[in-house]
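Every chain is numbered from 1 and lettered A, B, ... according to where its sequence line falls, protein lines coming before strand lines.
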Protein chains: 4
Amino acid sequence: MSPRNVEKDLLQREQRIHHILDSALETIAVKGIGSVSINDIAAAAGMSIGNMYHYFKSKNEIISEILRRGQTGYGDHVTRIAEQECTALEKLFMLAESWLALENSWAYTILIHTSRLSDASSEEVRKAVTERFTNNLGPVAAVMKQGQQEGLIVSGDPLELAYYFVSLIQGLTLQKMPGAEVPIPARASSIVALFTAKKDH
Amino acid sequence: MSPRNVEKDLLQREQRIHHILDSALETIAVKGIGSVSINDIAAAAGMSIGNMYHYFKSKNEIISEILRRGQTGYGDHVTRIAEQECTALEKLFMLAESWLALENSWAYTILIHTSRLSDASSEEVRKAVTERFTNNLGPVAAVMKQGQQEGLIVSGDPLELAYYFVSLIQGLTLQKMPGAEVPIPARASSIVALFTAKKDH
Amino acid sequence: MSPRNVEKDLLQREQRIHHILDSALETIAVKGIGSVSINDIAAAAGMSIGNMYHYFKSKNEIISEILRRGQTGYGDHVTRIAEQECTALEKLFMLAESWLALENSWAYTILIHTSRLSDASSEEVRKAVTERFTNNLGPVAAVMKQGQQEGLIVSGDPLELAYYFVSLIQGLTLQKMPGAEVPIPARASSIVALFTAKKDH
Amino acid sequence: MSPRNVEKDLLQREQRIHHILDSALETIAVKGIGSVSINDIAAAAGMSIGNMYHYFKSKNEIISEILRRGQTGYGDHVTRIAEQECTALEKLFMLAESWLALENSWAYTILIHTSRLSDASSEEVRKAVTERFTNNLGPVAAVMKQGQQEGLIVSGDPLELAYYFVSLIQGLTLQKMPGAEVPIPARASSIVALFTAKKDH
DNA sequence: CATGAATGAGGTTTCATTCAT
DNA sequence: GATGAATGAAACCTCATTCAT
């Protein structure tokens with residue numbers, strides 16, 4: 001029936017979607033999550049306004065899809081690090097380092113938090129975001145537990161420590177928003193040091 | 001007409017302004033900084049739309065005034081704690097405890113961060129917010145330095161430690177947004193523990 | 001609190017609403033129910049687009065309010081005629097005559113019918129329209145019954161006769177749409193004649 | 001390539017066109033003539049949007065073609081009945097019965113009336129619709145005249161009676177729209193009775 | 001022939017701000 | 001001071017139509 005290459009069509013579609021989401025993240029970074037318009041996002045992607053709606057049902061869907069992909073990707077990343085064969089401190093360092101080095105991390109963080117506000121997005125989206133956030137704590141908590149068994153990490157509930165670790169990094173991440181940088185460096189080694197069990201005098 | 005009346009009028013005016021700003025904080029928190037309308041703010045304050053303009057020049061002025069008062073008040077609070085006569089650890093505990101106990105802290109934090117985004121507010125506001133944030137680090141850094149001299153706090157650049165301390169608390173604060181709570185407690189004692197120099201062994 | 005005349009405000013508001021609905025009916029008459037825009041309605045009322053939303057929540061509300069007022073008013077009219085003291089034939093004549101003479105009757109009829117279509121309006125509106133239509137048959141049926149007792153009207157179920165009577169008038173009404181008139185007159189006396197019991201011969 | 005294929009292609013094309021128009025009628029009926037989209041029509045026909053334009057020049061062409069075929073077909077039907085060899089009453093009965101039994105009659109009727117509204121379709125279409133409607137009255141008027149000569153039908157201008165007869169049936173037809181049915185039956189025999197000359201007494 | 005991506009104009013609705021009362 | 005009507009720009013989203021594949 002169709003003289004078109006269905007497989008290629010689907011591939012192209014996925015590439016477009018990826019492209020839109022990528023540009024959208026940067027655009028939201030510049031405009032701010034509550035003020036960005038479909039017009040902005042379309043312009044950033046180099047597409048017409050109307051065409052956005054061939055790929056996404058609504059502006060909200062774009063934002064929630066960015067969140068879904070971002071959080072899922074981050075979860076995979078964290079899990080991969082947690083499963084490596086090295087000390088807990090090395091893993092914590094890698095986690096902190098990779099997140100702080102990420103160009104767009106502040107954008108993801110601000111998206112995660114503002115999207116959880118009641119009217120900014122649907123109940124569904126908010127729940128999903130929080131759930132994924134909580135799930136992503138799991139691997140970090142596992143690293144904390146491993147470190148405690150190795151005697152390398154301070155004592156305390158591993159999940160609680162993971163919670164602090166991630167909150168600290170997110171808090172620092174937010175200070176990196178463009179045009180508003182605080183002139184103080186955030187170093188992975190210093191962060192890890194806070195969670196290191198000190199045996200020296 | 002009489003001086004007494006002028007004085008009373010001014011007092012009433014200040015009370016109204018205070019009332020508006022108070023209600024607005026919660027409303028902006030719920031609606032999102034980029035989506036809140038003057039209508040929402042007026043409804044929250046129980047006033048008419050038009051009447052808002054007797055007290056504020058614009059919607060942006062309301063937001064920037066909330067931020068100014070909030071950050072200034074927080075700065076005074078931090079300074080007062082830093083100047084008390086007690087150990088650095090006790091001061092850190094008081095700082096963490098008071099901020100975590102504050103009902104609206106998450107709202108202030110989200111406001112601070114979203115207001116710094118490029119188009120959400122004017123260049124002027126963004127600069128002021130960042131400047132006040134940086135200034136408020138000073139007293140915390142002083143506490144860190146005091147603690148290091150007392151041998152109670154981990155080594156490192158005091159300003160950097162203060163930066164981490166505040167970022168951690170802000171990060172935790174964001175998890176307390178209504179309807180999106182992560183089921184993990186944030187305890188002041190645990191936070192302080194991370195910054196405590198451990199002499200065991 | 002309010003230095004404005006609340007009573008006068010409310011009266012003015014009702015007058016505006018009435019004015020909008022009046023102009024809207026005519027406009028829908030010209031543009032067609034599915035193609036009329038808020039812009040058209042606002043222009044017809046001599047108001048700005050945005051101001052329409054001070055009086056109505058949506059375009060649909062305007063249409064359903066026109067229907068509600070129109071059908072209710074018609075129901076009152078029919079009831080008033082049915083309760084008069086005269087023969088059934090005279091009542092039928094008055095009903096036919098008044099409806100055929102009404103300038104806007106075709107607009108009401110087309111609104112009633114198109115609004116009942118599934119997607120043109122909400123389930124709620126459709127139900128209300130049909131219910132009011134059915135209710136308005138009651139007084140007409142009463143007239144039919146009276147006429148049968150008087151021996152003036154043809155035999156048959158009074159409600160069914162009322163149904164035919166109203167359907168016939170509505171069908172004729174539709175032929176009166178502007179620019180599409182069929183060059184045949186619709187006369188009340190001829191209509192009544194169809195329902196008259198003939199005793200001649 | 002061969003003449004046979006061309007012939008077959010044309011036949012298939014006509015079948016497709018017929019299929020599209022058939023599905024479109026129901027869809028336009030449900031969505032409303034001013035709100036139906038090419039997308040809706042394409043989906044109803046189970047075809048792609050773009051492909052519609054191989055069969056029709058525009059959305060308006062689809063609508064006007066439905067009307068043309070529907071009214072022409074109805075005209076032929078009426079003419080056929082009028083030319084049969086039986087009494088006028090039997091013919092009237094057949095006319096009423098066949099139209100009331102038609103599943104889609106209400107859709108045709110609503111289409112006829114809404115398409116006559118000024119902006120819903122072109123001046124050309126509106127004129128054609130009204131002209132065909134008037135023409136279709138001819139055979140019915142002929143039946144009325146025949147009936148009067150037979151002494152079976154009430155006196156009056158035959159064309160006017162035909163006009164009433166068709167208007168009544170159209171009015172009843174509109175009450176049959178899906179989801180909005182009035183719980184009163186429309187019976188061909190009762191309708192014919194209204195136009196029957198009664199000789200009793 | 002068949003498909004669906006692409007466009008841009010236009011539709012509905014919201015909103016900050018002004019102003020008469 | 002207090003109110004809410006009024007405006008018009010701009011937001012989101014839809015859609016008829018075209019076109020490359």
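- The minimum heavy-atom distance between A:Ile66 and A:Ile28, with the atom names listed, is CD1-CD1, 4.2 Å.
- Nearest-nucleotide assignment on DNA chain E puts the 5′-proximal partner with D:Gln12, out of A:Met52 and D:Gln12.
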message = For DNA chain E, please output the secondary structure as dot-bracket, reading 5' to 3'. Pairs are Watson-Crick or G-U wobble, both atom distances under 3.5 Å; mark crossing pairs with [ ], other-strand partners with |, unpaired with a dot.
response = .||||||||||||||||||||
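- A close approach under 4.0 Å does occur between a side-chain nitrogen or oxygen of B:Arg16 and OP1 or OP2 of F:dA2.
- Rounding to whole angstrom units, CE of residue D:Met47 and C1' of E:dG4 are separated by 14 Å.
- No salt bridge links B:Lys8 with B:Glu14; every basic N to acidic carboxylate O contact stays at or beyond 4.0 Å.
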ask   = Could you write nucleotides 11-16 of chain E as a row of B, S and -, 5' to 3', where a protein heavy atom under 4.0 Å of any base atom gives B, of only sugar-phosphate atoms gives S, and otherwise -?
value = -SBBSS
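- Rounded to whole Å, the distance from CD1 on D:Ile62 to P on F:dC15 is 15 Å.
- Without hydrogens or angle criteria, A:His113 side chain to B:Ile110 main chain gives no donor-acceptor distance under 3.5 Å.
- B:Gln71 contributes a side-chain N or O that, together with a main-chain N or O of B:Val129, makes up a donor-acceptor pair within less than 3.5 Å.
- Rounded to an integer number of Å, the gap from A:Glu61 CD to F:dC13 P is 10 Å.
- Of the listed nucleotides (E:dC1, E:dT7, F:dA6), E:dC1 has the atom at the smallest distance from the side chain of D:Tyr55.
- At whole-Å resolution of the value, NZ in C:Lys8 and P in E:dA20 are 14 Å apart.
- When each of C:Ile41, C:Ile63, C:Ile20 is checked for a side chain to side chain contact (heavy atoms under 4.5 Å, CB included) with C:Phe56, only C:Ile20 meets the rule.
- For B:Lys59 (side chain) and B:Val36 (main-chain N/O), a donor-acceptor pair under 3.5 Å exists by modelled atom type.
- With hydrogens and angles ignored, the 3.5 Å screen pairs no side-chain donor or acceptor of B:Glu65 with any backbone N or O of B:Glu61.
- Following rounding to the nearest Å, A:Arg13 (CZ) and F:dT21 (P) show an atom-to-atom distance of 18 Å.
- Considering every non-hydrogen atom in both D:Ser23 and D:Ala45, the closest pair reads OG-CA, 3.9 Å.
- As a whole-Å value, the separation of D:Asp9 CG from E:dA2 C1' is 14 Å.
- For A:Ser48 and A:Asn51, the side-chain atoms include no donor-acceptor pair closer than 3.5 Å.
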